Amino acid sequence: MKIKLSNGKTLPLEMHKIKIVQPTCLPPLRRRLRAIEEAGYNTFLLRSQDVFLDMLTDSGTNAMSDNQLAAMMTADDAYAGSESFFRLAEAVREVLGFRYVLPVHQGRAAEHLIVKALVKPGDVVLMNYHFTTTKAHVDLAGGKVVEVFGDEALETASSCPFKGNLDLERFDLAVHEYGTERIAFVRMEATTNLIGGQPFSLENLRQVKARAAALGIPLVFDGSLISENAYFIQQREPDLAGATLQEVLRVMMSQVDLFYMSGRKSAAARGGLIATNDRALYERILPWLPVYEGFSTYGGMSTKEIEAMAVGLREMVDPAVASSGADFVEHFVARLEEAGVPVVTPAGGLACHVDARRFLLHVPQSAYPAGALAAAFYIASGVRGMERGTLSTDPDPSGADVLADMELLRLAVPRRTYTLSHIEYAVDRLAWLFAHRELIGGLRFVEQPPVLRFFFGRLAPDGDWGAELARAFAADFGEDC
Ligand SMILES: *Cc1c(COP(=O)(O)O)cnc(C)c1O
């Protein structure tokens, strides 16, 4: 929740008290340099003990509520017919309005099953933007992702409130090019994760649904970050200013044929689900659930997490919860803008995104500027972010790099996990890094895995810039911080 201060500025307020804490420590500079070298300059390969603030992702790292933890104790461990599942199904019905629910162990498992049921080789899937795991599943099924975003989606500095909108003219062009028969589904990702957590408007969702329905194309909705998209609609779309988040969500869901989500983000529990009111779609997916995930009343999740997800779904429509990440992100972005650091605007859901291309004008895309910036920021701060750029984009079949649309350092803000002083610390160190940006060089692959290379790939710096950066840092702050 944001509150107005007497100086006219706004401040995001934590609408919770901290009851349980987990210590974290700031490893000294020398250890940070060693750790990033041992990790092959890939922040995914750092050990948690070497990380001060973990801004890699908001996935599974959100603080849980007292009610979520209490519900976990009531879990029913029955293999089949678990009461925990029925409590989850009831929460899905109440919050999202869907009758049929398929639990899965996390979001990408939902993508696997949906793609398996709906995509044949040669098919295309239209999207407002892809997500790494979604695209991997479509590719593995012999399909192709066609992105139909608007021009504003890729403008990092913008005031457009809905950069996640699907472009309707390009949708029509894609239908013309591929033909309705080949389009397996159109997928709307609620806050486009890879391009700055940018939302789409309800108006856009309605227009997409109307077009798709007229052609008999199902609308699939990735709701992993749904509470943030609903919050932005409520804040930014004039017609909906008076609506509650629950009302916004129900109107959104009325446009959806097949819903899925990772429960690890908005719902703050480690799991995922697929939901629909279309019995035929449900029945196409159901047989595969026990093959890949588990029986239909647990789907690979622990029953404790199922209970936590049921509570998390109900809690995410509380404005204090839905805004907890987004308002911190907004503050983070505003403070970095004040410091002159290039960031994606407007602020989106899930994370503050630093524009590595503008930050490191001297590092070409082929040398992975966003990956270099993630490593450099870790050295300077002990804060772990994630590369979202060319490194996170797998090469084409010939093995050539595919240059990403954007080069972003994503600094996720797990919901209710960090405090404002943590954000201020990250801002300060990034501002320092920006002033010393000429010290940062590029990266090259030393070991490159064949799929989703960003997870396990190992890289090396061009030259010895990591050590040079550490020397400059020590000169300003000493060796011990
Ligand atoms: C995280 C995420 C996924 C994948 O979910 P996992 O639980 O990490 O498997 C899919 N889509 C979006 C938009 C996400 O943010």
Side-chain angles (χ1 to χ4, degrees), residues 44 54-62 88 102-116 125 127-140 145 147 149 153 163-164 166 185-200 205 219-232 252 256 258-275 292-294 299-302 305-306 308-309 312-313 316 322 325-326 329 348-353 385-388 392 406 408 410-415 451-452 454-455:
F44 272 100
D54 200 350
M55 297 186 167
L56 185 77
T57 174
D58 61 330
S59 175
T61 54
N62 304 288
L88 174 66
L102 299 149
V104 291
H105 81 276
Q106 64 183 93
R108 68 202 65 188
E111 293 169 339
H112 175 211
L113 296 179
I114 290 170
V115 166
K116 191 156 188 68
V125 179
M127 299 186 183
N128 58 339
Y129 208 80
H130 77 279
F131 185 69
T132 51
T133 54
T134 333
K135 182 170 184 312
H137 282 297
V138 173
D139 288 349
L140 287 169
V145 170
E147 287 170 317
F149 50 78
K163 292 199 288 183
L166 187 139
F185 57 88
V186 54
R187 170 179 170 279
M188 292 295 278
E189 183 175 301
T191 93
T192 44
N193 191 324
L194 294 189
I195 51 171
Q198 301 294 318
F200 52 76
L205 178 64
L219 191 147
V220 174
F221 190 108
D222 180 340
S224 303
L225 302 156
I226 187 169
S227 61
E228 275 82 15
N229 204 122
Y231 177 60
F232 289 130
M252 289 169 85
V256 172
L258 186 59
F259 175 90
Y260 76 92
M261 73 188 293
S262 166
R264 301 170 60 89
K265 288 96 179 238
S266 283
R270 291 134 203 105
L273 61 85
I274 300 171
Y292 291 104
E293 295 295 304
M301 254 191 284
S302 114
E305 297 288 345
I306 293 177
M309 202 154 92
L313 284 173
M316 77 181 185
V329 170
L350 93 132
C352 167
H353 294 79
M386 188 192 290
E387 193 270 2
R388 296 276 76 161
S392 296
M406 287 187 176
L408 304 179
R410 183 179 90 175
L411 300 170
V413 180
R415 297 159 189 82
V451 65
L452 297 178
F454 60 93
F455 282 126

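Atoms considered below: every heavy atom in the structure, side chains included; atoms not considered: hydrogens, waters and symmetry mates. We count ligands from 1, going down the list as the structure has it; atoms in each ligand are counted the same way. Quick caveat, the model's predicted, so the values are computed rather than measured.
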Nitrogen or oxygen atoms of Arg264 and ligand 1 under 3.5 Å apart
no
Indicate yes or no: does an N/O atom of Gln106 lie under 3.5 Å from an N/O atom of ligand 1?
yes
By number and element, which atoms of ligand 1 are closer than 4.0 Å to a non-hydrogen atom of [X]?
X      : answer
Gly107 : 5 (O), 6 (P), 7 (O), 9 (O)
Glu111 : 10 (C), 11 (N)
Ser262 : 5 (O), 6 (P), 7 (O)
Arg108 : 4 (C), 5 (O), 6 (P), 8 (O), 9 (O)
Glu189 : 13 (C)
Asn193 : 14 (C), 15 (O)

By salt bridge (charged side-chain N to carboxylate O under 4.0 Å, His left out), which residues pair with Arg187, not counting sequence neighbours?
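For Arg187 the salt bridge (charged side-chain N to carboxylate O under 4.0 Å, His left out) partners, ignoring immediate neighbours, are Glu189, Asp222.
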Salt bridge (charged side-chain N to carboxylate O under 4.0 Å, His left out) involving Arg415 - partner list, sequence neighbours excluded:
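Per chain and number, Arg415 pairs via salt bridge (charged side-chain N to carboxylate O under 4.0 Å, His left out) with Asp58, Glu228.
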What residue and heavy atom of the protein are closest to [atom], and at what distance?
atom                    : answer
atom 11 (N) of ligand 1 : Asp222 OD2, 2.6 Å
atom 15 (O) of ligand 1 : Lys265 NZ, 2.6 Å
atom 3 (C) of ligand 1  : Phe131 CE2, 3.4 Å

Would a line drawn from the ring center of Phe44 to the ring center of Phe454 be shorter than 6.0 Å?
yes
State yes or no: are the ring centers of Phe221 and Phe200 separated by less than 6.0 Å?
yes
With distance as the sole test, does Thr191 use its side chain to make a donor-acceptor pair with the main-chain N or O of Gly349 at under 3.5 Å?
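Not confirmed, Thr191 side chain does not pair with Gly349 backbone.
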Quick one: does any side-chain atom of Thr57 pair with a main-chain N or O of Ser59 as donor and acceptor, under 3.5 Å?
yes
Regarding His105 and Glu293, do their side chains bring together a donor and an acceptor under 3.5 Å, going by distance alone?
yes
Can you tell if the side chain of Thr61 reaches within under 4.5 Å of the side chain of Lys265, non-hydrogen atoms only?
no
